[in-house]
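Reviewing the structure listed below.
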There are 2 protein chains.
Amino acid sequence: MKISTKGRYGTRALLDVALRQNEGLVQLKDIAESQQISLHYLERIVALLVKKGFLTSTRGPAGGVALGRHPADIKISEVISVLEGSMAPVSCVDDPSTCSRAGFCATCDLWGEVKESMEGVLEAVTLQDLVERQQKKLESQPRINTHE
Amino acid sequence: MKISTKGRYGTRALLDVALRQNEGLVQLKDIAESQQISLHYLERIVALLVKKGFLTSTRGPAGGVALGRHPADIKISEVISVLEGSMAPVSCVDDPSTCSRAGFCATCDLWGEVKESMEGVLEAVTLQDLVERQQKKLESQPRINTHE
DNA sequence: CTATTGTTGACCTATTTAATCAAGATTATC
DNA sequence: GATAATCTTGATTAAATAGGTCAACAATAG
């Protein structure tokens, strides 16, 4: 039941951009450095986030990315959905036709409950919430800061 | 965020055995057939469940497996834990030393909440609960029954 | 003894993950 | 308009994991 690096890195990248909103465009290079992610791989992930409108990008010198929507309007469940696909632990939860026993299988129902539960958590948290949580953490531990 | 076949097949195998408790020993061959799982692969999975005491096994002719504990005493969270490992979506939730930013990372906390939420669902359901749910389903659809 | 059934170690293959590389497109600045 | 910085994208790849197979073995009822 692990989440992949795509979802993890992508969430962290969005949070990184959100934390630096007031600094204008953020370069992938800087995100890669502060988040300790390979730049090339980050490009892949950011491309997905740009395509879905979470980020906007500007090419050329002094270019970079910025939030495409207000952080309070970005639910983490949406981000994970884009990067990881459905949170259904088994495919028959989303599409009963993929399993011949779907209609009368007690375990399938249970996996559905697990999915609902996870989604509930991630739908209740926005990028703005993450920003605030992170800022609170940085205040209480001022020495540790990934952005310099 | 998918659960692997090990967890899925294992849960279904346990449920299968639980549903046939009154029939004495259940042979892997029969479980494999009714659950449509490769016998060889099922052996692998059952071996784990036997080692952890969820099942007991008897070799030889007319041998098979039986529940090692009362179904009401088997939480599905335990089963998944044995077959899939921790439900933590990222490893730093269980072991902060695996991530240099663990102590001051808002996303890590969020993954922790996801884990708690999933565990909450699976801790609240026992094998006995699954048996009852399944029996209720079979009653309402008497024609469809994997056990003849 | 023999047939049946579970056990185990070794092995294998396909898929997914997690990148990497290189060529290309865009644009600010000089 | 040349240049350099920056994002974009298709091709490729190495490593890990999932999922499964095989064969030799151990136990035991009859």
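Letters go in sequence order (proteins before strands), and every chain restarts at 1.
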**Message:** If I take atom CG in residue L39(B) and atom P in nucleotide dG6(C), what distance separates them, rounded to the nearest angstrom?
**Reply:** 8 Å
**S4(A) side chain near dA18(C) phosphate (N/O to OP1/OP2, under 4.0 Å)** = yes
**Request:** Using only side-chain N and O atoms of S57(B), determine if any of them is under 4.0 Å from OP1 or OP2 of dT7(C).
**Result:** yes
**Phosphate OP1/OP2 of dT20(C): any S38(A) side-chain N/O under 4.0 Å** = yes
**Toward the 5' end of DNA chain C, by each residue's nearest nucleotide, H40(B) or Q27(B)** = Q27(B)
**Prompt:** Would you say Y9(B) reaches dG20(D)'s phosphate, i.e. side-chain N/O to OP1/OP2 under 4.0 Å?
**Reply:** yes
**Message:** In this structure, how many angstroms lie between the C1' atom of dT5(C) and the CG atom of L42(B), rounded?
**Reply:** 13 Å
**Request:** Using heavy atoms to find the nearest nucleotide of DNA chain C for R8(A) and V26(B) separately, return the residue whose nucleotide is more 5′.
**Result:** V26(B)
**Message:** Nearest to the side chain of P61(A), heavy atoms from C-beta on, is which of dT26(C), dA28(C), dA3(C)?
**Reply:** dA28(C)
**Request:** May I ask you to check whether over 12 heavy atoms, not counting those of K52(A), lie within 6.0 Å of atom NZ?
**Result:** no
**Request:** Would you please say whether a donor-acceptor pair under 3.5 Å links the side chains of E132(B) and Q128(B)?
**Result:** yes
**Prompt:** Rounded to whole angstroms, how far apart are NZ on K52(B) and C1' on dT7(C)?
**Reply:** 17 Å
**Message:** Under 4.0 Å, counting only non-hydrogen atoms across every strand here, what does G63(A) touch: a base, just sugar-phosphate, or nothing?
**Reply:** sugar-phosphate
**Request:** Of all the heavy-atom pairs spanning T126(A) and A72(A), show the shortest one and how long it is.
**Result:** CG2-O, 3.5 Å
**Prompt:** Just how far, in rounded Å, is C1' of dT6(D) from CG of L55(A)?
**Reply:** 15 Å
**Item:** Atom-to-atom span, CG of L49(B) to P of dG6(C) - whole angstrom
**Value:** 14 Å
**Asked** How long is the line joining CD1 of I45(B) and P of dG19(D), in whole Å?
**Response** 9 Å
**Asked** To the nearest Å, how far apart are F54(A) CZ and dC7(D) P?
**Response** 20 Å
**Request:** Could you state the atom-to-atom distance from CD of E43(B) to P of dC25(D) in whole Å?
**Result:** 16 Å
**Request:** For A47(A), answer base if it contacts any base atom (sugar-phosphate contacts may also be present), sugar-phosphate if it contacts only those atoms, and nothing otherwise; contact means non-hydrogen atoms under 4.0 Å.
**Result:** nothing
**Asked** Reckon K6(B) has a side-chain N or O less than 4.0 Å from the OP1 or OP2 of dG19(D)?
**Response** no
**Request:** State which residues pass salt bridge (charged side-chain N to carboxylate O under 4.0 Å, His left out) with E119(A); sequence neighbours excluded, sorted by chain then number.
**Result:** K115(A)
**Request:** Classify the side chain of R44(B) and the base of dT7(C) as holding, or not holding, a donor-acceptor pair under 3.5 Å.
**Result:** no
**Item:** Distance in Å, F54(B) CZ paired with L48(B) CG, rounded so as to fall on 0.5 Å steps
**Value:** 10.5 Å
**Request:** Report the nucleotide, chosen from dT7(C), dT6(D), dG20(D), that has the shortest atom-to-atom distance to any side-chain atom of Y41(B).
**Result:** dG20(D)
**Asked** Between M1(B) and M118(A), what is the shortest heavy-atom contact and its length?
**Response** CE-SD, 3.6 Å
**Item:** Minimum-distance nucleotide (side-chain atoms of T5(A) versus dA19(C), dT8(D), dA18(D))
**Value:** dA19(C)
